[in-house]
K.L.:
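Quick one: structure below, then a few questions.
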Amino acid sequence: MTEGASLDQRVAELATVESFEPPAAFRARAHATDAALFEKADQDRLAFWAEQARALDWEKPFSTVLNDTDAPFYRWFEDGTLNASYNCLDRHVAAGLGDRIAYHWRGEEGEERAISYADLLDSVQRFANALRDLGVRKGDVVGIYLPMVPEVAVAMLACARIGAVHNVVFGGFSAEAVRERMAVSRAKVLVTADHARRKGKLNAVKSVLDPALEELPDLSHVVVVRAGADPAQPCPMREGRDVYYDDAMATAAASCPAEPMEAEHPLFILYSSGSTGKPKGIVHSTGGYLTGVSYTHRLVFDLDPERDVYWCTADVGWITGHSYAVYGPLANGATSVMFEGAADYPHPGIWWEVVERYGVSILYTAPTAIRACMRWGTEYPARHDLSSLRLLGTVGEPINPKAWLWYHTVIGQERCPIVDTWWQTETGSIMIAPLPGLTETKPGSATHPVPGVCADLVDSSGQTVPEGTGLLVLTEPWPSMLRTLYGEEERYVRAYFSEFGPERYAVGDSARRDTDGYYWVLGRVDDVLNVSGHRLSSGEVESAIVAHDKVAEAAVVSEPDEITGEAIVAFVTLRGGVQGSPETEADIREHVSARIGKLARPSRIIWADDLPKTRSGKIMRRLLRDAVQDRELGDVTTLNDPGVMTALRDRIASGG
Ligand code: WTA
């Protein structure tokens, strides 16, 4: 029998195992092995959070922990001052750790850069000065639209150093998405790249962005990182507005002391999808956010900054990248890997090559990536020495037990605990997850809230559901919670604190609680889609489709997909009763790609003569979801014309 076949057999054998104890060897050296930590947090939650916050360096110590007089606008550590970049850099360098590697950067073509804490501090100081030279002041918004290059961390920390608020846009989003996010946040400066490398191709970034930037009156400067020179595609630079990163760095002063910020000073805005078409500008604070990410990064990943090599595979464009590829690990003085490329370039074994090369001991990734690796086959990880790994993590969507067991067996070699971490852009840091040296894990369950966090399951009237399925709520405020939606305070209250009042944060996920009190997060209860762990709203994709001139109307739902978790299915009605063609389909997909980004392209388009609507004209996505998943249709009595669904079912059966 080949090794691959025996591993697959082992995965199948483990399918009957309900729970896994922390492996003994792991437990023997883990930091948190005593359940007393939960009791301590329960006994005096605020004192517990204050203790976590004091692990940071405060320029002026705080005297109040929580101010909840204006709930749900909670304020944490409000009379204290600190600087996030100081906590991520200066204090480690001052402690003699300047030579420690902050990032092992690995480029797509195998290039390597080892960036020490001292190096990073130098670059961040210079770039902070460069931003000041461009007129950036405390409170100004700076957009960042970069591939996974070290300059992305430099730019974020440089903003934090001078109190500018960064607004990172994922590199996979389109120019139009960048324009929208810069416009609503009134960004003054945008940091971007000339080109971005992706799977061996060099894609132009700046020149594609330029037309969109014309429409941004507040944007005064664009800083361009040379992320991939291409003599055949020179990068257009506008005199007076655009400046190369290298040139700005060369003329900037070397020293820029970190400016102390009030704890509640906004550290960043990150746009994320809500249930309506318009993205939510989620605002995070300095003191509370940094407390939450550093605490959970230490605890949930059992971090030993002196020995561990930590790798979070998420792109910095997402909250996971912000919290667990930048702020959490740097605040804790960890050594991380930053990988520029895709999981299958130049070959499907590249991740395991990287693990072996840098001796990665903690790997944090998403279920969708694990499922892709499963499909590529066990032979790829089997070619590499993965013995450095001691802990594995996942985030982004529920992990199916089969993928969990594969991760546990093939990657973790049954030696590494798995931390399935549930949280959101809004929560800032991990909320529900096992403590790897302590918690017995069950494949597919994120287990329990971490110490300090309080959750519950409720029904739609807000009554606790002790066991079974309900709506997930967080019942106490926590330091790293979002503070508001940028410029939309009312929407903040409505979206999170209207359903169950200002004391209970409505998550938007449903979950099950089993007889042992374990949480099993099931998925969104709103119209938010989760494609490869990336959040998109149905409304956002629908607006993009409807903006196509041939389209009259569209409705978007998801269906399960083996690799991406959910895949987007669009029901589209064309104008003037025109019938759809493969060309129109390709055209619409391209159109969505240009408006939002490739990740939002529907995997299927089903031409619909009509869409199911209520008498008041609301599209019933629920019925469309039932139909694509070939389920019994739910209640159709509110439909204006029940015949619509019969016609659509025929369409689906005939392949769209
Ligand atoms: C889902 C990503 C189950 C959930 C950090 C949540 C998960 C949304 C898990 C937030 C998990 C995230 N198990 N579901 N471990 N982690 N989710 O804002 O539906 O991009 O509400 O934050 O992802 O997505 P977001």
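Just so you know, ligand 1 is whichever comes first in the structure, and atom 1 is the first atom listed for that ligand.
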K.L.:
May I ask you to identify the nearest protein heavy atom to atom 11 (C) of ligand 1, giving residue, atom name and distance to one decimal place in Å?
P.N.:
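Protein heavy atom at minimum distance: E397 O, 3.5 Å.
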
K.L.:
With respect to Q424, determine whether any N or O atom, backbone or side chain, lies less than 3.5 Å from an N or O atom of ligand 1.
P.N.:
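Looking only at distances, the answer is yes, because the N/O contact criterion of under 3.5 Å is met.
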
K.L.:
Does the side chain of K280 come within less than 4.5 Å of T425's, by heavy atoms?
P.N.:
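They are not in side-chain contact.
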
K.L.:
Do the side-chain N and O atoms of D456 and T475 include a donor-acceptor pair separated by under 3.5 angstrom?
P.N.:
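Result is no, nothing qualifies.
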
K.L.:
Measure I319 to ligand 1 on non-hydrogen atoms and call it side chain, backbone, both or neither using the 4.0 Å cut-off.
P.N.:
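For I319, only side-chain atoms sit under 4.0 Å from ligand 1.
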
K.L.:
When you compare ligand 1 with D420, is there at least one nitrogen or oxygen pair between them that comes in under 3.5 angstrom?
P.N.:
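Yes, at least one N or O pair falls under 3.5 Å.
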
K.L.:
Does this structure show an ion pair linking R524 with E566, if we count only N-O contacts that are shorter than 4.0 Å?
P.N.:
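Salt bridge between R524 and E566, a charged N being under 4.0 Å from a carboxylate O: no.
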
K.L.:
Identify the residue among F497, Y505, Y74 that makes a ring pair (Phe, Tyr, Trp, His ring centres under 6.0 Å) with Y492.
P.N.:
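So, applying the ring pair (Phe, Tyr, Trp, His ring centres under 6.0 Å) to Y492 and each of F497, Y505, Y74, only F497 qualifies.
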
K.L.:
Using a 4.0 Å cutoff against the non-hydrogen atoms of T320, which atoms of ligand 1 qualify?
P.N.:
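Near T320, the atoms of ligand 1 are 5 (C).
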
K.L.:
As a check for students: among T421, D509, V395, N530, identify the option with a heavy atom nearest to atom 4 (C) of ligand 1.
P.N.:
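Considering heavy atoms of T421, D509, V395, N530, the nearest to atom 4 (C) of ligand 1 sits in D509.
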
K.L.:
State the NE2-CG distance between H322 and D315, to the nearest 0.5 angstrom.
P.N.:
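The NE2 atom of H322 sits 10.0 Å away from the CG atom of D315.
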
K.L.:
Please list, in number order, the atoms of ligand 1 under 4.0 Å from a heavy atom of V521.
P.N.:
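Answer for ligand 1: 3 (C), 14 (N).
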
K.L.:
Look at atom 3 (C) of ligand 1 and say which protein heavy atom is nearest, naming residue and atom and giving the distance to 0.1 Å.
P.N.:
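Going atom by atom, the protein heavy atom closest to atom 3 (C) of ligand 1 ends up being P398 N, 3.1 Å.
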
K.L.:
For atom 20 (O) of ligand 1, what is the closest protein heavy atom, and at what distance to 0.1 Å?
P.N.:
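Protein heavy atom with the smallest distance to atom 20 (O) of ligand 1: R535 CD, 3.5 Å.
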
K.L.:
Does R181 count as lying over the ring of Y145, i.e. NZ or CZ under 6.0 Å from the six-ring centre, within 45 degrees of the axis?
P.N.:
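Pair R181/Y145 does not count as cation-pi.
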
K.L.:
If you have a sec, work out which protein heavy atom is nearest atom 10 (C) of ligand 1 and how many Å separate them, to one decimal?
P.N.:
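Scanning the protein heavy atoms, the shortest distance from atom 10 (C) of ligand 1 goes to W423 O, 3.6 Å.
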
K.L.:
Quick one: do R625 and D527 make a salt bridge, cutoff under 4.0 Å?
P.N.:
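Salt bridge flag = yes for D527 with R625.
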
K.L.:
May I ask you to identify the nearest protein heavy atom to atom 16 (N) of ligand 1, giving residue, atom name and distance to one decimal place in Å?
P.N.:
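I find the closest protein heavy atom is G396 N, 3.1 Å.
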
K.L.:
Any idea which protein heavy atom is nearest atom 18 (O) of ligand 1, and the distance to it?
P.N.:
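Minimum-distance protein heavy atom for atom 18 (O) of ligand 1 reads T425 OG1, 2.5 Å.
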
K.L.:
With a 4.0 Å cut-off on N to O distance, would you call K278 and E488 a salt bridge?
P.N.:
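Salt bridge flag = yes for E488 with K278.
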
K.L.:
Can you check whether V507 has an N/O within less than 3.5 Å of an N/O in ligand 1?
P.N.:
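No, no N or O pair falls under 3.5 Å.
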
K.L.:
Answer yes if the side chains of N332 and S294 hold a donor-acceptor pair under 3.5 Å, and no otherwise.
P.N.:
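There is no such pair between these side chains.
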
